[in-house]
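We count ligands from 1, going down the list as the structure has it; atoms in each ligand are counted the same way. Basis for what follows: all heavy atoms, side chains included, without hydrogens, waters or symmetry-related copies.
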Amino acid sequence: MSNEKVQVLIIGSGPAGYTAGIYASRAGLKPVLYTGGQPGGQLTITNDVENYPGYPDGVMGPQMMVDFQKQAERFGTEIRFGMVTAVDFSSYPLKATIDDSTEIEAESVIISTGASAKWLGIPSEEKFNGKGVSACAVCDGFFFKGQDVAIVGAGDTAAEEASYLSKLANKVYMLVRRDEMRASKIMQQRVKNAPNIEILWNTETEEVLGNEEVEAVRVKNNVTGETKEVPVQGFFVAIGHKPNTDIFKGQLDMDENGYIKTIPGTSKTNIEGVFATGDAQDHVYRQAVTAAGSGCMGALDAERFLAAKEMELA
Ligand code: NDP
């Protein structure tokens, strides 16, 4: 197994990772960034991004991530295609294994592995992904202004996104698989009070229907067995996210859903020299701009940590 030493290892290539790369490389720390299996992260599966400041005419998600990458490379971030398959934070320097074959010794690690939306797993959902099917109402709701949409899920995210969509769309169908919702009482009340949200209880999604664009969703009542087609132009999935943090389990403090815990107001984890940024530690905001901001925090925290370490040794 080959072995290499780096000052800053960045794991992940979404807005958080690339922003950490921009800051760390400008600080002269020669960061090495491993992209993970989906270079560019979740934004590469969205279309227009219209809420990222600085792009007044909007930008395509994949293009934006190419721009982020170029900016990180411009200052010397070394970007490598590869997966971090294991880490060992039990001793210092910190250790990471890449694709089970390369061992890296890092003086600091910035985790920007993101999260992945959970999907229902039906073929039509994949077929229309980015073309009427979305897992982010805040990102894509605007495209359905004045139209009819459906959203599946019954947690706080689904309730919050249904409320958000109700302000844009003509009508919102909320597809809830049980006869009650998991969301907090106040969020449920908000949904129930919205005049243009209709909750379909005991309802499961069978297929998203359409030719080039979404035209309807076929749903089934799991009590009566009855199926029907609900005409909609947009279909949102809000059944939760999973942070990509499995390789850190047992080493970093996490909440019960696997989000890495950081010291509030910082990117510091329970391990010195390990910083967590972006959606891997944030289940609340989950926006490109907040992830980028937190990537910046990770790089600044790493820079200060390394400077303090150097002082100790001097
Ligand atoms: P949750 O795990 O809380 O909820 C997921 C929802 O999706 C559940 O209602 C679940 O149904 C439903 N679901 C799961 N799989 C399917 C499926 N295959 N078909 C249909 N429905 C399905 O995820 P959230 O993202 O809503 O929330 C995650 C965490 O973040 C929670 O702790 C939440 O409280 C928090 N949060 C807080 C917010 C706030 O305070 N403003 C905003 C957003 C999130 P079922 O209930 O039947 O299992």
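Inspection of the Ser112 and Thr277 side chains reveals an N or O donor paired with an N or O acceptor under 3.5 Å.
For the disulfide (SG to SG under 2.5 Å) condition, no pair includes a residue of residues 282-314, sequence neighbours left out.
Within the hydrophobic cluster formed by Ile, Leu, Val, Met, Phe, Trp and Tyr side chains joined at under 4.5 Å, directly or through other members, Met83 stands alone, with no partner residue. Using a 4.5 Å cut-off between side-chain heavy atoms of Ile, Leu, Val, Met, Phe, Trp and Tyr, Val208 falls into a hydrophobic cluster with Trp119, Leu120, Ile122, Phe128, Val133, Val152, Tyr173, Leu175, Leu200, Val214, Val217, Val219, Val230, Val232, Phe235, Val237, Ile239.
A salt bridge links Arg80 with Glu78: at least one charged nitrogen is closer than 4.0 Å to a carboxylate oxygen. A salt bridge is defined here as a Lys NZ or Arg NE, NH1 or NH2 lying under 4.0 Å from an Asp or Glu carboxylate O, and Lys5 with Glu105 meets this definition.
Each of Leu120, Val152, Gly153, Ala154, Gly155, Asp156, Thr157, Glu160, Arg177, Arg178, Arg182, Ile239, Gly240, His283 has a non-hydrogen atom positioned under 4.0 Å from some atom of ligand 1.
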